[in-house]
Each structure stands twice: as C-alpha cells, then as structure tokens.
2 protein chains.
Amino acid sequence: MSAATDNLARDAAPGGSRRLILDTAARLLRSGGYHQTTLREIAEAVGIRKASLYHHFASKEEIVEAVVNDGVRFVQDAVVAALAETKGAPPRQRLEAAITAHLTALHGQRDYTTASFRVFTFGATPVPESVRAARRAYEDVWRNLIAELQAAGALPKERSPDLMRYMILGAMNGSIDWFRPGRFVTADVAREFSALILAR
Amino acid sequence: MSAATDNLARDAAPGGSRRLILDTAARLLRSGGYHQTTLREIAEAVGIRKASLYHHFASKEEIVEAVVNDGVRFVQDAVVAALAETKGAPPRQRLEAAITAHLTALHGQRDYTTASFRVFTFGATPVPESVRAARRAYEDVWRNLIAELQAAGALPKERSPDLMRYMILGAMNGSIDWFRPGRFVTADVAREFSALILAR
DNA sequence: ATCGACCTACCGTCCGGTAGGTTGGTGCAT
DNA sequence: ATGCACCAACCTACCGGACGGTAGGTCGAT
C-alpha cells in the first residue's frame with residue numbers, strides 16, 4: 001500500500017471504487033430513501049470528497065438507478081437459477097424453490113433490495129425507464145411460473161393469476177419490514193408461505 | 001363569501017382549515033414522501049402562505065404525524081366495525097369481512113393510508129412513538145382475529161400465527177402498489193384473498 | 001379591546017452540481 | 001535510466017436555489 005495517501009481506488013483493484021460507492025449508496029438509500037440520502041453523506045462514508053463522485057457517475061440519479069436495478073437483478077438471477085435447477089421437478093417443489101430463492105436474495109442483499117423497493121415508491125419522481133424495464137422483466141418470471149403451476153393443477157385454475165402474483169410478491173416483499181435474521185430462518189418462512197399458498 | 005379576501009378558514013367552518021391542511025398534506029405525502037413534500041408546497045395547494053401553517057401546527061413533523069396516524073386509524077376503525085357486525089358469524093365470513101374492510105378503507109382513504117405506509121418506512125428518521133403505538137394497536141386486531149380463526153379450525157393450527165399475519169397484511173398492503181379502482185373491485189379482491197388463505 | 005387567521009420579510013443551513021486544479025502511476029521515446 | 005506526456009483519481013472552493021423555521025405586523029369578526 002502506498003504511504004502518502006488515504007485514497008481508496010488508487011490502492012484497490014481498478015474500477016473497485018465504483019462498487020464501493022454503490023455498496024455505500026445502497027446502505028444509505030436503504031435507510032434514508034432518495035431525498036434524505038445526500039451525495040455528501042455517500043462521499044463521506046466512502047472516504048472521498050463529494051465532487052469526486054462525479055468522476056465515477058454523472059449525477060445522483062445515475063448512482064441511485066444503478067443501486068435500484070442491481071437490487072432487482074440480484075433477486076431475479078437467484079429465482080431464475082433456482083427454477084433452472086428444479087426443471088422437471090414437481091410443481092410444489094418449484095414454487096418453494098422460487099420462494100426460497102426470492103427471500104434468500106431479498107435478505108442476502110438487503111441494502112440493494114430494500115433500496116429497490118423503497119426508493120422509487122413515490123409517484124412524483126418519475127420512475128426511470130430502465131427501472132421499470134427491470135421490474136417488468138422480473139414480474140414476467142412469476143407470471144410464467146404461476147401459469148405453469150395453474151396448468152399443472154398445483155394452484156387453483158379458477159383464481160385470477162394476476163391477483164395470485166400480486167399476493168405472493170406482496171407477502172414476500174413485505175418481509176423486508178419484519179424479517180430479522182436471528183428471529184426467522186429463511187427456509188422456514190419459505191415453507192410456511194408455500195404451504196399457505198398451494199392448493200391442498 | 002367575503003369580498004376582499006381569498007382566505008379559506010375565515011370563510012369555512014371553524015377549525016375546518018386544519019382538516020383542509022391535513023387532506024392536502026396527505027395527498028402530497030402520498031406521492032412525495034416526507035422529504036420531497038415541502039411546507040411551501042402544502043401551503044400553496046391549500047391557498048395560504050407557508051408561515052400561516054405554523055398557526056395550526058407547530059412543525060412539519062406534527063403535520064406528518066397527524067396524517068400518518070389518521071391513516072392507520074381509518075383502517076383500524078373500519079376493520080373493528082366489520083368484526084363487530086359479524087360477531088358470531090362463521091369464521092370464513094369474519095375473515096372475509098375483515099379483509100374487505102381493510103381493503104375498502106385502504107383504497108377509500110388512499111391519500112392518508114398510502115402516506116401512512118410510505119412516510120416512515122425509513123429507519124433513519126426515527127418513527128414517533130404515537131405512530132408506533134397506533135400500528136401496534138392495529139396489529140393486535142389481526143393477532144386476535146387469527147388466533148380466533150386458528151382456534152375455530154378455519155386456519156391451520158400448525159402454521160405460525162405471526163407469519164400468517166405478516167403474510168396477510170403484506171399481501172393486502174401491497175395492493176396500494178397495483179390496485180386501480182377501475183381495474184379491480186374491492187369485494188372481488190377480498191374474496192380471492194380469503195379463498196387463497198383459508199384452509200379448505 | 002381582543003384574538004384567531006393570515007400576512008411579508010427574513011434567517012442560517014444544506015442541497016446537487018460545476019470549475020478548475022493537484023497528484024501519482026504508467027508507458028514511451030530517447 | 002531517465003525525462004516526459006498522459007490520464008485516472010481525487011482535491012478545494014464555489015454557485016444558485018430551496019429548505020424548515022422565526023419575527024413581527026395586518027385585518028376582520030366577535
């Protein structure tokens with residue numbers, strides 16, 4: 001390590017300060033939202049001056065957008081992978097795998113995912129197109145899964161698939177408000193959720 | 001109406017401007033959250049100067065707190081009333097009545113309830129004690145109802161009552177993100193939700 | 001005369017963003 | 001090997017504007 005400076009990116013892997021900034025921004029956005037989280041705060045937590053952020057990002061908006069989209073992507077990647085791994089398995093097992101993956105990613109990348117759900121919940125600040133696209137893509141994963149489960153008879157065919165999707169995602173995402181790692185075990189929660197949802 | 005002024009409370013019922021301010025604040029808080037909603041904005045929408053707000057409230061915090069607590073209270077009153085009306089009815093009917101009441105109040109007082117759920121979701125701004133108390137009181141309503149339904153066998157006894165409560169409330173409250181009055185009918189949604197939750 | 005309701009004018013503070021350096025490592029021609 | 005141009009990374013200093021809140025006055029009904 002060089003002796004004369006406290007610079008971070010200078011000593012880290014190239015491009016590493018970008019990730020460091022995003023990690024920090026995610027943590028602050030999670031607890032403070034868009035308007036309470038300031039660039040000064042982010043810069044101080046990272047250990048650089050505020051103006052230096054503009055070397056890596058063009059605006060506050062760009063930082064926030066990156067965090068929010070990463071949050072959705074983390075969850076989507078986990079669920080897609082879980083569904084690929086359980087290809088051909090019984091419907092019940094696939095649903096439980098998807099729920100487990102969603103909850104695990106949700107709480108494993110808490111800063112990013114919580115920021116994702118909270119930052120752009122307000123209608124006044126228009127949601128950037130990239131964010132809407134990311135969310136739509138993830139919704140499609142569940143749309144397809146629910147259609148598959150209904151076709152297989154694991155979910156009642158007479159129920160509205162839209163309402164079931166909203167319900168399942170709402171119940172899962174609500175867990176960011178009450179889930180505490182010490183108090184619950186993700187797999188247990190996933191099993192309870194599956195049991196309450198699946199037709200018997 | 002008096003000729004020389006545009007004053008609102010001067011011409012309205014005594015104390016009416018307080019409600020008008022809260023209605024306006026609720027509408028703005030719903031779409032903008034705490035930090036994006038400014039006193040200047042509220043004052044302008046009401047039709048008075050910003051400083052005049054301080055004649056009715058001591059601070060921004062006090063306005064927000066009133067809105068948020070009203071939001072919870074509206075929902076709680078509706079659910080408690082619905083449960084009183086269905087006293088002695090079959091468990092299934094009581095759950096559906098509670099869900100219907102919750103959803104109806106949630107979307108009937110959209111500005112207040114949405115503000116309630118969104119304004120204090122951030123950990124950095126400490127949630128005022130009065131708000132925490134109001135939320136706890138409402139949670140108790142559901143805690144009791146679920147215990148009753150489990151005892152009656154309408155909900156599976158082997159499931160965690162806490163998780164069921166979190167799940168039901170999460171699914172219902174998530175509807176503020178997707179419910180559109182023209183696209184859905186509250187009673188239909190309530191029936192679907194009940195059907196998906198209740199043991200068959 | 002009193003007072004609730006509302007006003008104008010102002011305060012210190014913090015915001016996102018910009019202008020224009022400084023620093024130190026890397027590669028290259030000599 | 002060494003001088004030097006280059007560039008990513010970061011810096012100090014500043015901007016206009018918006019924020020919540022305060023001081024102190026006006027006005028009209030009772």
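Sequence lines set the chain letters: A, B, ... in the order given, protein chains first and strands last, and positions in each chain run from 1. Bear in mind the structure is a predicted one, so any value in this text is a computation, not a measurement.
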Asker: Do you know which two heavy atoms are closest between B/A45 and B/L28, and how far apart they sit?
Answerer: CB-CD1, 4.4 Å
Asker: Closest-nucleotide mapping onto DNA chain C: is A/T38 or A/A58 further toward the 5' terminus? I mean the 5' end.
Answerer: A/T38
Asker: Going from NZ on B/K87 to CG on B/L83, what distance comes out if it is rounded to the nearest 0.5 angstrom?
Answerer: 9.5 Å
Asker: Where the side chain of B/H55 is concerned, which of C/dC6, D/dC11, D/dG20 is the nearest nucleotide?
Answerer: C/dC6
Asker: Within the distance-only criterion (no hydrogens, no angle test), does the side chain of A/Q93 pair as donor or acceptor with the backbone N or O of A/T86 below 3.5 angstrom?
Answerer: no
Asker: Atom CG of B/L20 and atom C1' of C/dC6: how far apart are they, to the nearest Å?
Answerer: 14 Å
Asker: In whole angstrom, what separates A/E61's CD from C/dG16's C1'?
Answerer: 12 Å
Asker: Show every salt bridge (Lys or Arg N to Asp or Glu O under 4.0 Å) that has at least one partner inside residues 50-65 of chain B, sequence neighbours left out.
Answerer: none
Asker: With a 4.0 Å cutoff (strictly under), does any side-chain N or O of A/H56 reach OP1 or OP2 of D/dC10?
Answerer: yes
Asker: Whole-Å distance between C/dG16 C1' and A/K60 NZ?
Answerer: 8 Å
Asker: Answer yes or no: does a side-chain N or O of A/S52 lie under 4.0 Å from OP1 or OP2 of D/dC11?
Answerer: yes
Asker: Give the nucleotide from the list D/dC10, D/dT22, C/dG16 with an atom nearest to the side chain of A/S17.
Answerer: D/dC10
Asker: Do B/E41 and B/R27 meet the salt-bridge criterion of a basic N to acidic O distance under 4.0 Å?
Answerer: no
Asker: Nearest whole angstrom, please: distance from the P of C/dG16 to the CG of A/L39.
Answerer: 5 Å
Asker: Starting at atom CD of B/E44, determine the distance to atom C1' of D/dC19, rounded to an integer number of angstrom.
Answerer: 15 Å
Asker: For B/E41 and for B/A51, find the nucleotide of DNA chain D with the closest heavy atom, then tell me which residue's nucleotide is more 5'.
Answerer: B/E41
Asker: Can you tell me the distance, in whole Å, between the CZ atom of B/F57 and the P atom of C/dG4?
Answerer: 16 Å
Asker: Taking only side-chain nitrogens and oxygens of A/R40, does any of them come within less than 4.0 Å of OP1 or OP2 of C/dC15?
Answerer: yes
Asker: Rounded to the nearest Å, what distance is computed from the OH atom of residue A/Y54 to the P atom of nucleotide C/dG21?
Answerer: 20 Å
Asker: Looking at the side chain of B/R49, which of D/dC11, C/dG16, C/dC7 is the nearest nucleotide?
Answerer: C/dC7
Asker: Would you mind reading off the distance between B/L53 atom CG and D/dT22 atom C1', rounded to a whole angstrom?
Answerer: 14 Å
